[in-house]
Amino acid sequence: MAFVRAPSPFLLVLVLALSIFAAITATTTIPQPISDHHRSAALNLFAPSHGSFPSLQDAYEALRVFEILGIEEKHRVSTDTCKVVLENLSSLSSSLKDLFYALKVNGILKCKVNGEVFEGIASRLKASISDASPLPDLYYSIGGLVLIKDQDSNVDVLLADATGTFQSIKAQSQSDGKWRYSSDKTESSAYAAGLAFEALAGVISLASSEIDQSKVNTVKHDILKLFDSIEKNDDGSFYFDGETVGGHEHQDSLSTTSSVVRGVTAFAAAVSGEINLPGDKTLGLAKFLLGIGVPGDAKDFFNQVESLAFLESKRQVPIQVNLLFKFVLQQYFFSFCFLFFSANVTLDLSCCRVTIPLILSLPETVYSLTTKGQLKVRVSTALGSAAPPLVVKLVRAFSSGAKDSSIIESKELQYDKRSGLHVLDGFTNNVDVGTYVFVFEIVLHDTHSKQVYATGGQIHMPIYVTGIIAVSNAEIGVLGDLGSVQTKKALDLAGNDVVSFSANHLQKLRFSFQLATPHGHVFKPHQAILKFRHEIKVEHVFVIGNVGKKFEITLDFLGLVEKLFYLSGKYDIELTVGDAAMENSFIRLLGHVKLDLPEAPEKAAQPPAPPVDPYSRYGPKTEITHLFRTPEKRPPQNLSITFLGLILLPFLGFLIGLLRLGVNLKNFPSSTVPAAFAMLFQLSIAAVLLLYVLFWLKLDLFTTLKTLGFLGAFLMFSGHRILSYLASTSTKLKSA
């Protein structure tokens with residue numbers, strides 16, 4: 001028996017549901033190299049803003065992804081993007097990188113570029129190639145010339161000294177197969193090696209005469225040395241670690257691996273003979289690329305998709321080249337995928353060492369004994385094309401817990417022409433609820449197909465079988481202090497029966513039941529929990545163990561009084577049984593027990609606060625009642641009026657003083673402009689006084705200050721003008 005502090009009921013149900021769902025779905029998804037998920041993600045990641053892209057590199061990456069995935073988006077961006085392409089190709093100030101990506105984009109969009117423009121760019125690119133050029137500049141220059149060669153065959157792009165250029169690039173290689181960016185940099189990287197391999201492939205295609213085969217063989221040896229330093233994960237995937245070299249920006253593992261894949265495939269397509277890469281490492285590279293899933297970053301997405309496209313593309317290579325670059329792509333436990341090849345379209349494939357992979361996949365990996373579903377297998381090429389005539393055999397099937405004991409051996413699946421699936425018409429009685437591994441094998445019908453297609457040998461697939469679990473012999477009862485049964489009741493867990501008991505701290509409670517699979521075998525679920533819930537919402541969880549066929553728990557209340565916080569009263573009893581393979585997992589109220597426990601000692605632990613319902617904060621709040629303070633008693637009205645009169649007395653004195661002094665308007669200006677300023681001065685004073693009155697009656701301080709600032713400035717301006725005029729007039733009169 002185990003005791004656990006219980007979470008809230010809501011969290012318990014949620015955790016149970018999520019654990020069952022995750023256990024079934026976590027390993028049953030069979031990813032495809034290119035899927036609709038990739039297409040949907042591409043439309044979101046590479047959608048142009050207002051029909052244009054931030055840079056030509058971004059434009060190329062988006063268009064290349066759309067091209068690989070078969071997404072028709074070129075018509076939406078071709079006009080604006082072609083305009084940028086033509087501007088960069090026609091400009092003498094464009095960098096080598098901009099020219100390179102402008103040519104890349106033009107190769108996809110087919111913009112209308114004048115042949116003279118190509119000739120000017122070719123001359124500039126050839127002039128930029130020198131022994132002292134850093135590797136990125138050589139990469140962009142040579143790559144640009146190769147692109148011009150593909151887009152306009154009339155332009156002379158051949159290198160006069162291809163051997164010298166080849167040697168200058170090769171001079172930056174290191175003994176471990178990595179490359180330096182330039183001769184003045186001591187650090188090397190695998191990412192730079194990928195650029196170098198692609199640049200060397202370009203030199204070979206641009207050479208006016210054949211490159212010395214010994215130099216080519218040296219580069220092949222460098223490739224093998226580079227693969228000796230490859231990193232390995234525990235799942236068997238291989239990758240090239242990211243690095244920061246020579247002050248360049250950091251390249252992560254995906255970018256570095258993608259650079260090597262592009263470089264090696266480009267070099268392999270340009271030379272004769274084979275590059276004998278170890279099969280486990282090329283397979284591991286494929287696992288690494290597929291293990292990324294659907295990247296959420298545009299750059300990662302492009303690197304993943306283009307790397308797969310480079311390896312999958314059907315390059316047209318003459319038979320005398322004798323090129324065979326093999327790359328096997330396999331996803332752990334799910335599919336055997338991707339053997340990429342190249343061959344001349346005029347060749348009979350039966351005479352060549354070129355094989356097309358056949359992918360075996362399962363539309364579903366969870367099967368129910370209740371619905372008696374069929375096991376369905378799909379076989380197609382890496383790109384989803386129809387497979388040749390073949391037979392799918394189930395070699396053997398075994399339980400994941402008993403690999404040496406087969407439950408099915410040597411069964412042939414039936415082919416359904418309408419759906420294109422291979423079907424197993426139901427399971428044998430040996431297949432019960434649980435987890436199994438099915439071993440399949442693809443057998444081709446004719447000899448010709450065996451020479452053309454690769455089947456991948458035996459393929460292991462996980463299969464999950466579910467069913468309805470029978471719950472029987474459920475009993476609950478109260479035992480005495482010596483173990484004697486005082487009360488016992490049978491329960492029908494499939495119904496709605498509830499029981500009620502009373503017990504004290506000297507007694508025990510025993511609960512037992514049995515679980516059986518559809519074929520009558522003992523079933524042990526992932527979760528079997530008995531929960532006690534007190535009236536004040538304090539919960540306690542007990543894990544139910546099993547002895548043989550029976551699941552049983554005995555609760556000794558004497559030993560649990562401290563765990564129960566000495567809380568007497570009514571406890572609800574709830575049973576939870578759940579498993580990933582159990583179709584009828586349940587949470588059921590069994591009844592309640594009324595416990596009479598002793599009084600808690602003085603220093604006993606207090607029960608925790610009742611759990612807060614997470615949804616309670618969204619309900620109505622308690623009404624807040626506020627009592628305002630009673631207003632203070634005001635003075636009599638007569639006293640207030642008397643005080644107001646006293647305040648007005650100074651103003652009356654001011655008016656009397658004006659009359660006594662004989663105020664007149666003799667000095668008021670008679671000229672139009674001074675008179676106008678005099679009137680404005682008087683009105684400004686009146687406005688300020690009026691503003692004070694409004695402040696007293698209704699205006700707030702901030703509004704009053706803002707208005708006063710405007711009126712004060714106007715008052716000073718008009719007052720200065722009129723007072724200056726009066727002073728000037730007075731001076732003239734005195735001088736006269």
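From a predicted model like this one, the values you see are computed outputs, not experimental measurements. Side chains included, hydrogens not; waters and symmetry mates left out as well; all remaining heavy atoms used.
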Task: Cationic N near anionic O, under 4.0 Å, Arg533 to Glu574 - done: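 Yes.
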TODO: Output yes when Glu535 and Lys570 qualify as a salt bridge under the 4.0 Å nitrogen-oxygen rule, no when they do not.
DONE: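 Not counted as a salt bridge, because no side-chain N and carboxylate O are separated by less than 4.0 Å.
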Is there a donor-acceptor contact under 3.5 Å from the side chain of [X] to the main chain of [Y]?
X: Ser671; Y: Pro674; result: no
X: Ser585; Y: Asp579; result: yes
X: Thr487; Y: Gly477; result: no
X: Thr731; Y: Ala727; result: yes
X: Asp497; Y: Leu493; result: no
X: Ser728; Y: Ser724; result: no
X: Asn473; Y: Gln514; result: no
X: Arg510; Y: Glu475; result: no

Open item on the list: One pair to check against side chain to side chain contact (heavy atoms under 4.5 Å, CB included): Thr576 and Lys531. What are the steps and the verdict?
Closed with: CA-CA 8 Å; Thr576 300; Lys531 180 166 66 176; 5.7 Å; no
Let me confirm one number: the [atom1]-[atom2] distance from [X] to [Y], rounded to the nearest 0.5 Å.
X: Phe66; Y: Leu43; atom1: CZ; atom2: CG; value: 6.0 Å
X: Ile685; Y: Leu711; atom1: CD1; atom2: CG; value: 12.0 Å
X: Ser568; Y: Lys594; atom1: OG; atom2: NZ; value: 10.0 Å
X: Asn303; Y: Ser253; atom1: CG; atom2: OG; value: 11.5 Å
X: Phe710; Y: Leu715; atom1: CZ; atom2: CG; value: 11.5 Å
X: Leu699; Y: Leu691; atom1: CG; atom2: CG; value: 6.5 Å

For the residue pair [X] and [Y], what are the closest heavy atoms and their distance?
X: Ala503; Y: Val478; answer: CB-CG1, 4.3 Å
X: Ser512; Y: Lys550; answer: CB-CD, 3.8 Å
X: Lys549; Y: Val522; answer: CG-CG2, 3.3 Å
X: Thr81; Y: Ala59; answer: CG2-CB, 4.1 Å
X: Thr466; Y: Ala580; answer: CG2-O, 4.0 Å
X: Ile722; Y: Pro669; answer: CD1-CG, 3.5 Å

What residues, two or more places apart in sequence or in another chain, satisfy side chain to side chain contact (heavy atoms under 4.5 Å, CB included) together with [X]?
X: Ala600; value: Tyr566, Ala604
X: Val499; value: Ile476, Lys489, Leu491, Phe501
X: Leu683; value: none

Within the structure provided, determine whether [X] and [Y] are in side-chain contact (heavy-atom separation under 4.5 Å).
X: Pro598; Y: Val561; answer: yes
X: Leu515; Y: Pro525; answer: yes
X: Leu530; Y: Leu555; answer: yes
X: Met582; Y: Val433; answer: no
X: Tyr60; Y: Leu63; answer: no
X: Ile544; Y: Ile529; answer: no
X: Val593; Y: Ile573; answer: yes
X: Leu254; Y: Ile292; answer: yes

Does [X] have any side chain to side chain donor-acceptor pair (under 3.5 Å) partners at least two apart in sequence or in another chain, and if so, which?
X: Thr256; result: none
X: Thr703; result: Asp700
X: Asp252; result: Ser255
X: Thr370; result: Glu583

- [ ] Would you check, one step at a time, whether the test side chain to side chain contact (heavy atoms under 4.5 Å, CB included) holds for Leu564 with Leu595?
- [x] CA-CA 10 Å; Leu564 298 176; Leu595 290 181; 4.0 Å; yes
Open item on the list: Could you check whether Asp572 and His592, counting side-chain N and O atoms only, form a donor-acceptor pair closer than 3.5 Å?
Closed with: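 Absent: no donor and acceptor within the cut-off.
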TODO: Output all residues satisfying salt bridge (charged side-chain N to carboxylate O under 4.0 Å, His left out) with Lys299, sequence neighbours left out; order by chain, then residue number.
DONE: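 Salt bridge (charged side-chain N to carboxylate O under 4.0 Å, His left out) list for Lys299, sorted by chain: Glu61.
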- [ ] For Leu590 and Val498, run side chain to side chain contact (heavy atoms under 4.5 Å, CB included): C-alpha distance rounded to whole Å, both residues' side-chain angles, the deciding distance at 0.1 Å, then the answer.
- [x] CA-CA 5 Å; Leu590 301 180; Val498 293; over 6 Å; no
TODO: Decide if the gap between the ring center of Phe302 and the ring center of Phe46 is smaller than 6.0 angstrom.
DONE: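 No, ring centres 6.0 Å or more apart.
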- [ ] Give a yes or no on whether the ring-centroid distance for Phe532 and Phe542 is below 6.0 angstrom.
- [x]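 So the answer is yes for these two rings.
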Can you sort out the partners of [X] under ring pair (Phe, Tyr, Trp, His ring centres under 6.0 Å), two or more places apart, ordered by chain and number?
X: His534; result: Tyr571
X: Phe511; result: Phe513
X: Phe523; result: none

Could you pull out every donor-acceptor pair under 3.5 Å between side chains of residues 632-643 and any protein atom, sequence neighbours left out?
| unit_1 | atom_1 | unit_2 | atom_2 | d |
| --- | --- | --- | --- | --- |
| Ser640 | OG | Pro636 | O | 3.4 |
| Thr642 | OG1 | Asn638 | O | 2.8 |

Task: Candidate pair Asp80 and Lys83, rule side chain to side chain contact (heavy atoms under 4.5 Å, CB included), full reasoning - done: CA-CA 5 Å; Asp80 293 337; Lys83 183 178 179 181; 5.7 Å; no
Open item on the list: Is it true that, when you exclude Asn496 itself, more than 12 heavy atoms of the residues, nucleotides or ligands shown sit nearer than 6.0 Å to its CG?
Closed with: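 Result for CG/Asn496: open.
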